[in-house]
Amino acid sequence: MLDLRFVRENGEKVKESLRKRGTKLDIDHLLELDSKHRQLLQEVEKLRYERNRASNEIGKLKQKGEDAGKLLEQMKAVSQEIHVLDSEVKEVSANIVSLSLLVPNIVDESAPKGKGPQDNIEVRRWGETPAFSFKPLGHIEIGKILGIIDFKVSAKLAGSGFAFYRGYGARLVRALINFMLDLHTEKHGYQEVFPPFLVNRDCMVGTGQLPKLEEDMYRIEKEDFFLVPTAEVPVTNIHRGEIIEGESLPIYYASYTACFRREAGSYGKETKGLVRVHQFDKVELVKFVRPETSNDEIEKLLQDAEEVLKSLGLHYRVVNLCAVDISFAASKCYDIEVWAPGEGEYLEVSSCSNFTDFQARRAGIRYRPKPDAKPEYVHTLNGSGVALPRVIVALLETYQQKDGSVVIPEALRPYMGGMERISP
RNA sequence: GGAGAGGUGGCCGAGCGGUUGAAGGCAGCUGCCUGCUAAGCAGUUGUGGGGGCAACUCCACCCCGGGUUCGAAUCCCGGCCUCUCCGCCA
């Protein structure tokens, strides 16, 4: 959510940002509602003032045992008026809120302009695309040969778009989660948290998934709960409605959760295998920081995520997303894309975003710059550190051997009971 | 799931339908004072919003949402959460 006052005073800037994003929204209408709202407020508040004073007067008269009938009658009418105006105010402000919730964050100036993914700018590459003396297989085949991923079973259990891991495959999932959590907590200074996988509506609005993306979310109708699409949602909401003491910033959290996404509208090749599934595992990094530091913090966050891939020896590239590609709540975003030799393409395994004060304002997350200063909104950031299925794709495809086995990168071996390779 | 209790300011805790933004205590801050570990005295300390260049001023907020009333922290209804007992259960 943007600061309404900011929108009021920087209408052009807001519209410019919307143009860059390719989003059409009637900002002028929002501003009209805003001024109507303020005008109504003035009217009601004046009446309230009048009524407060009169009610006081009535109280005094009654205490003295005097008659207050006349005043009482007058105030009855005033109360009626207030009631009518109140419902108008309520309606207008409800409209303002619902419109405001649909306005995306202002795009950072360093984000490239562009019309689509082709305009994202590659920031750097790490490692090289591995060479093979044979034609590398895709992960689906490898998983089948090794008996570690079974899409027949997952389809039987839940339909298409799910994964079923078995044996060393299941072990690999567990190993990766532990490896990543250890890396971030022991080396990068994050505190590990383990939240519920179901959250209420307020959380989803707080981080910006709702109201816009409700169709993409799994919802438990009876309780109005949502399955978390990412740990970002529960973890960012840890501090919803709080005022954090300045000295405790920055706060870094690392969290494993399963992630649930309906992925409505996906089709074709994308929906095969592990590349796009309804449920996947992810270790997420979330930061709460002072506003003036968020530009540096996103770079550090990105590096923390990159280190996962470096440790695993997987070739990747980092891209700076162009305005059109940046998600609703973010102001700036880097994607990390890992190379999958079997697929022959780069796969997004991490998005590292700066949400500036956008989520903080929605979720009411503030801090005190100094012990007695007025509270201000924090900046929130998060990044995958990283998402598992596509890393598994890259891992299997990168480390596959001619004999059908897959070598386990050294960093992961302690988590695999010292195993060096998975053989058919 | 059944029965009961309760949700008040940073914390503890009072509150009859009428100067209660809210007693009292603790904590914090600011003065004054006292030579001793730190006590005493006085003052002060919430959030959001509107109006004004400003001093300032007004409105709202005692879990949330409705209602009754001239007036609600106080009464009524609905919801959420916490605690205790019982039941069920990994």
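- G66(B) atom C1' lies 13 Å from atom CG of Asp86(A), rounded to whole Å.
- For the pair Asp296(A) and Lys300(A), the salt-bridge criterion is not met [side-chain N within less than 4.0 Å of a carboxylate O].
- Considering only side-chain atoms of Asn56(A), the nucleotide from G66(B), G48(B), G18(B) that sits closest is G18(B).
- Nucleotides C53(B) and C70(B), compared at atom C1', are 38 Å apart to the nearest Å.
- To the nearest angstrom, C1' of C81(B) lies 17 Å from CG of Asp224(A).
- Crowding of Arg166(A) atom CZ: a count of heavy atoms from other residues, nucleotides or ligands under 6.0 Å not exceeding 12.
- Rounded to an integer number of Å, the gap from Glu223(A) CD to G79(B) C1' is 14 Å.
- Classification of Glu214(A) and Arg201(A) as a salt-bridged pair holds, one side-chain N sitting under 4.0 Å from a carboxylate O.
- Using a 4.0 Å heavy-atom criterion, one finds that Leu41(A) contacts the sugar-phosphate atoms exclusively.
- With respect to the salt-bridge test (charged N to carboxylate O, under 4.0 angstrom), the residues Asp86(A) and Arg48(A) qualify.
- Between Arg390(A) and Arg276(A), some side-chain heavy-atom pair lies under the 4.5 Å cut-off.
- Phosphate proximity of G10(B) to Arg368(A): absent, as no side-chain N or O sits under 4.0 Å from OP1 or OP2.
- Residue Lys60(A) is classed as having no contact, given no heavy-atom separation below 4.0 Å to the nucleic acid.
- Using a 30° and 60° split on the angle between ring planes, Tyr253(A) and His239(A) fall in the parallel class, below 30°.
- The nucleotide G6(B) finds its pairing partner in C81(B), both defining distances of the Watson-Crick or G-U wobble pair being shorter than 3.5 Å.
- Salt bridge absent: Lys115(A) and Asp119(A) never bring a charged side-chain N and a carboxylate O closer than 4.0 Å.
- If you check every strand for non-hydrogen atoms under 4.0 Å, Arg201(A) touches nothing.
- Between the P atoms of C80(B) and G65(B), the separation comes to 15 Å (whole Å).
- Comparing Glu73(A) and Gly59(A), the nucleotide of RNA chain B nearest to each residue sits closer to the 5' end for Gly59(A).
- The interatomic distance linking Leu47(A) (CG) with G50(B) (C1') rounds to 14 Å, in whole Å.
- Rounded to a whole angstrom, the distance from the C1' atom of U69(B) to that of C83(B) is 34 Å.
- Spacing between G21(B) and G46(B) at atom P, rounded to whole Å, works out to 15 Å.
- In this structure, Phe194(A) and Phe197(A) have tilted ring planes: the angle between them lies in the 30° to 60° band.
- The partner of G18(B) is C70(B), by the rule that a Watson-Crick or G-U pair needs both atom distances under 3.5 Å.
- C29(B) and A22(B) have their P atoms separated by 23 Å, given to the nearest Å.
- At whole-Å resolution of the value, CD in Glu43(A) and C1' in G49(B) are 16 Å apart.
- Nucleotides G66(B) and C61(B), compared at atom P, are 11 Å apart to the nearest Å.
- Base pairing of G40(B) is made with C32(B), judged by Watson-Crick or G-U wobble geometry with both donor-acceptor distances under 3.5 Å.
- For the C1' atoms, the distance linking A60(B) with A5(B) amounts to 31 Å, nearest Å.
- The side chain of Lys90(A) contributes an N or O atom lying less than 4.0 Å from OP1 or OP2 of G66(B).
- Remark: P of G9(B) and CD1 of Ile243(A) are 13 Å apart, rounded to the nearest angstrom.
- Heavy atoms of Lys374(A) sit under 4.0 angstrom from primed sugar atoms or phosphate atoms, though from no base atom.
- Comparing the same atom, C1', in U8(B) and in A23(B) gives a spacing of 12 Å after rounding to whole Å.
- Atom CD of Gln80(A) and atom C1' of G67(B) are 14 Å apart (whole Å).
- In this structure, A60(B) forms a base pair with U47(B), meeting either the Watson-Crick or the G-U wobble geometry with both donor-acceptor distances under 3.5 Å.
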For nucleotides 52-63 of chain B, 5' to 3', base contacts (B), sugar-phosphate-only contacts (S) and non-contacts (-) with protein non-hydrogen atoms under 4.0 Å give ------BBS---
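- Partner of Tyr399(A) under the side-chain contact (heavy atoms from CB on, under 4.5 Å) criterion, out of Leu314(A), Ile408(A), Ile422(A): Leu314(A) alone.
- Using a cut-off of 4.0 Å between Lys/Arg side-chain N and Asp/Glu carboxylate O, Arg262(A) and Glu215(A) are scored as salt-bridged.
- Among the protein residues, His37(A) comes within range of no part of the nucleic acid, since none of its heavy atoms lies under 4.0 Å from any strand.
- Here Ser79(A) reaches the OP1 or OP2 of G71(B): one of its side-chain N or O atoms lies under 4.0 Å away.
- In this structure, the nucleotide among G50(B), G71(B), G48(B) sitting nearest to the side chain of Arg5(A) is G50(B).
- Remark: C1' of G46(B) and CD of Glu242(A) are 16 Å apart, rounded to the nearest angstrom.
- If His83(A) and Asp34(A) are placed on RNA chain B by their nearest nucleotide, the residue sitting closer to the 5' end is Asp34(A).
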